[in-house]
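Here's the structure we're looking at; comments come further down.
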Amino acid sequence: MAESGKTPTVVEIPSMLSVRDLAVRVKVSPINIIRELMNNGVMASINQQIDFETAAIVLQGLGFEPREEKHVEEATPEDLSGTLWQRLYAREDPARLKPRPPVVTVMGHVDHGKTSLLDAIRHTDVVAGEAGGITQHIGAYQVEHNGRKITFLDTPGHEAFTAMRARGAQATDIAILVVAADDSVMPQTKEAIAHAHAAHVPIIVALNKIDRANANPERVKKDLHTAGVVIDEYGGDVLCVLVSAKQKKGIDDLLEAILLVADSRDIKANPDRLAVGTVIEGRLDKSLGPVATVMVQNGTLKVGDGLVLGNIAGRVRTMHDSKGKPIQQALPSTPAVVSGLGGVPDAGDQFEAVKDEKTAKVIVAERISARASDKTIRKTLTLADLFNRVQAGEVKELPIILKADVQGSIEPIVNQLEKLSNDQVKIKMLQTGNGTIGENDVQLAIASGAIVIGFNVDADGPARRLADSESVDIRKYDIIYKLTDDIQKAMTGMLEPVYREVILGVAEVRQTFKIKGTGTIAGCIIREGVAQRNASARLKRDGQVLHESGLSSLKHLTEDVKEVKTGFECGIALANFQEYKKGDLIEFYTKEKVQ
Ligand code: GDP
């Protein structure tokens with residue numbers, strides 16, 4: 001604590017933080033912070049989020065000079081994780097940037113009304129109404145409000161949002177968090193908050209179903225506060241709009257709020273250049289062949305432009321807007337269905353327009369050969385390489401996704417982990433929750449360069465496969481101490497490498513021989529795989545392991561050999577073992593380093 005009479009110590013704090021975080025930052029006991037808050041008439045628990053103004057009063061009371069840290073939501077594109085933003089806008093001359101419509105994603109818990117809200121917004125749009133017919137679902141649509149356009153991605157949910165981010169796309173400017181007024185904050189609401197925060201995307205709360213007799217907006221606002229979303233009424237900067245998707249009430253207010261948030265941020269692009277953007281979805285059309293909904297994020301896409309979409313080349317043959325109307329060009333933030341592609345691209349692929357199709361084909365060919373020779377630059381973080389990457393200045397924080405079997409385990413683990421942050425690397429709890437590790441958790445890990453920790457829980461099949469293919473580090477623990485110990489070791493470069501066992505083959509003992517001077521030899525047949533002289537082996541009888549060691553001899557007929565393959569007979573002697581019995585199985589294995 002700073003002493004009076006001396007120059008007060010300057011501390012930088014964010015616009016919102018928990019009492020615990022504040023205590024850690026200024027190295028003061030949380031009790032003292034809570035006491036100081038109480039002196040100022042604020043009752044707060046250790047986990048409660050407090051805003052900068054409140055924290056500032058406490059800090060001044062404790063003799064510090066508080067300053068507001070750069071707000072996380074004001075992060076510049078360069079601060080954001082994806083390289084796409086850098087490619088999109090970073091090198092643009094600010095004078096050429098013009099406002100573009102905000103791109104909005106709707107998130108929230110299942111059944112809270114995301115789909116209904118997207119429908120309601122679409123149908124209040126006068127222009128869509130005038131167009132008459134039912135508009136096709138193309139993955140995104142635009143509406144007009146007070147003469148200004150807003151783009152909605154109409155696959156709701158943070159899963160789609162994060163899957164796109166995992167592919168390097170950063171398509172959303174604003175997230176609408178739908179919370180049912182009769183149900184309040186639910187597990188997926190919390191997940192959505194974590195995913196939006198991880199992507200540095202500002203949130204607007206749509207408090208839905210206010211028509212319901214049991215709607216309780218005040219309770220939802222309080223619960224949101226506890227979950228780290230502080231609405232303006234509570235002194236935060238998150239707008240909260242009451243809506244009923246069913247009765248189409250409050251929709252105008254919501255659109256107004258979106259434009260307000262858009263105005264407070266630099267949502268701009270340069271329309272005078274070749275287009276770049278993201279594929280929202282791709283499909284095979286019966287008459288048009290491969291088509292894709294693309295969202296232009298910078299530049300203007302024109303009919304006739306060459307196109308590179310991931311590893312697919314093409315030329316814009318036709319282009320339609322979200323109302324099915326043919327268009328000649330698509331400006332920034334405009335979703336458009338394009339045909340003329342050499343294949344169906346994936347959602348989240350980035351695209352860029354080039355001079356013509358020939359150029360596109362050359363780029364794709366180069367890209368494919370570059371990728372084949374590239375040993376893939378790893379974006380994901382593993383505990384094993386954490387220390388080296390911190391030393392190299394590449395990494396300043398360790399983002400963690402924690403899944404546990406019971407809710408009660410989460411808080412003590414988070415408490416312990418947060419204590420491990422040091423000057424070089426900060427532990428950042430990206431998301432916590434209970435239940436199995438799912439694909440969605442792995443997607444968030446890929447998108448944010450995080451590691452996944454399972455406490456007494458496993459990863460399901462799809463999550464495991466995705467983690468393997470993308471080299472996401474999933475660690476499983478059943479003792480908190482072991483978990484924190486590993487993280488600490490990883491942070492200080494002391495983590496022992498992890499080895500994985502690889503089974504090479506299995507032999508079955510058919511008979512035994514006694515050989516003078518050598519001892520007992522097991523006459524075996526190799527049932528599967530191979531037996532290797534240098535491998536480790538374990539002898540199993542009735543499913544029980546009786547012995548584990550290396551081999552002292554491996555012979556085929558009378559020859560010493562290095563390896564014996566499936567179906568062949570051989571003589572095996574394990575080191576320090578003689579008591580073989582017919583029917584015993586000998587398993588051969590090696591250990592390979594993970595990562
Ligand atoms: P999603 O899973 O979040 O996409 O939720 P849906 O849009 O499918 O809505 C779930 C259920 O809530 C449906 O039965 C909707 O009719 C109902 N619902 C959605 N919005 C409202 C609303 O504003 N008021 C009422 N009373 N029901 C709603």
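Predicted, not measured: the structure shown is a model, and the values here were computed from it. When a ligand or atom number is given, it counts from 1 through the structure's own listing order.
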Are D458 and K476 ion-paired here, with the side-chain N under 4.0 Å from a carboxylate O? yes

Atom indices of ligand 1, in the order listed, that fall short of 4.0 Å to a heavy atom of D111: 1 (P), 2 (O), 3 (O), 5 (O), 10 (C), 12 (O)

Nearest protein heavy atom to atom 4 (O) of ligand 1, by residue and atom, and its distance? T115 OG1, 2.5 Å

Say whether T436 and D460, considering side chains only, have a donor N or O and an acceptor N or O under 3.5 Å apart. no

Give the numbers and elements of all ligand 1 atoms closer than 4.0 Å to a heavy atom of K114. 1 (P), 2 (O), 3 (O), 4 (O), 5 (O), 7 (O)

Quick one: closest heavy-atom pair of L254 and I204, and the distance? CD1-CG2, 4.0 Å

Would you confirm whether the ring centroid of F455 sits within less than 6.0 angstrom of the ring centroid of Y477? no

Closest non-hydrogen atom pair, L430 against A450: CD2-CB, 3.9 Å

Is there a protein heavy atom less than 4.0 Å away from atom 13 (C) of ligand 1? no

Is there a donor in the side chain of H195 and an acceptor in the side chain of T162, or the other way round, less than 3.5 Å apart? yes

Protein contact of atom 5 (O) of ligand 1 - nearest heavy atom, named by residue and atom, plus distance: G113 N, 3.1 Å

Judged by non-hydrogen atoms, does H109 sit under 4.0 Å from ligand 1? yes

Closest contact, heavy atoms only, P412 versus I480: CB-CD1, 4.2 Å

Per atom 24 (N) of ligand 1, closest listed option by heavy atom (V178, D211, V110): D211

In terms of residue, atom name and distance, what is the protein heavy atom nearest to atom 23 (O) of ligand 1? A245 N, 2.9 Å

Minimum-distance protein heavy atom relative to atom 20 (N) of ligand 1: N208 ND2, 3.1 Å

Nearest heavy atom to atom 22 (C) of ligand 1, choosing from H112, K246, R212, belongs to K246

Donor + acceptor pair across side chains of Q297, S333 (<3.5 Å): no

Are there protein heavy-atom neighbours of atom 7 (O) of ligand 1 below 4.0 Å? yes

Looking only at protein heavy atoms, identify the closest one to atom 21 (C) of ligand 1 and say how far it is in Å. K209 CG, 3.5 Å

Heteroatom proximity flag, L117 to ligand 1, N/O under 3.5 Å: no

Using a distance-only test with no angle check, is there a side-chain donor-acceptor pair under 3.5 angstrom linking H112 and D183? yes

the protein heavy atom lying closest to atom 19 (C) of ligand 1 turns out to be S116 OG, 3.3 Å

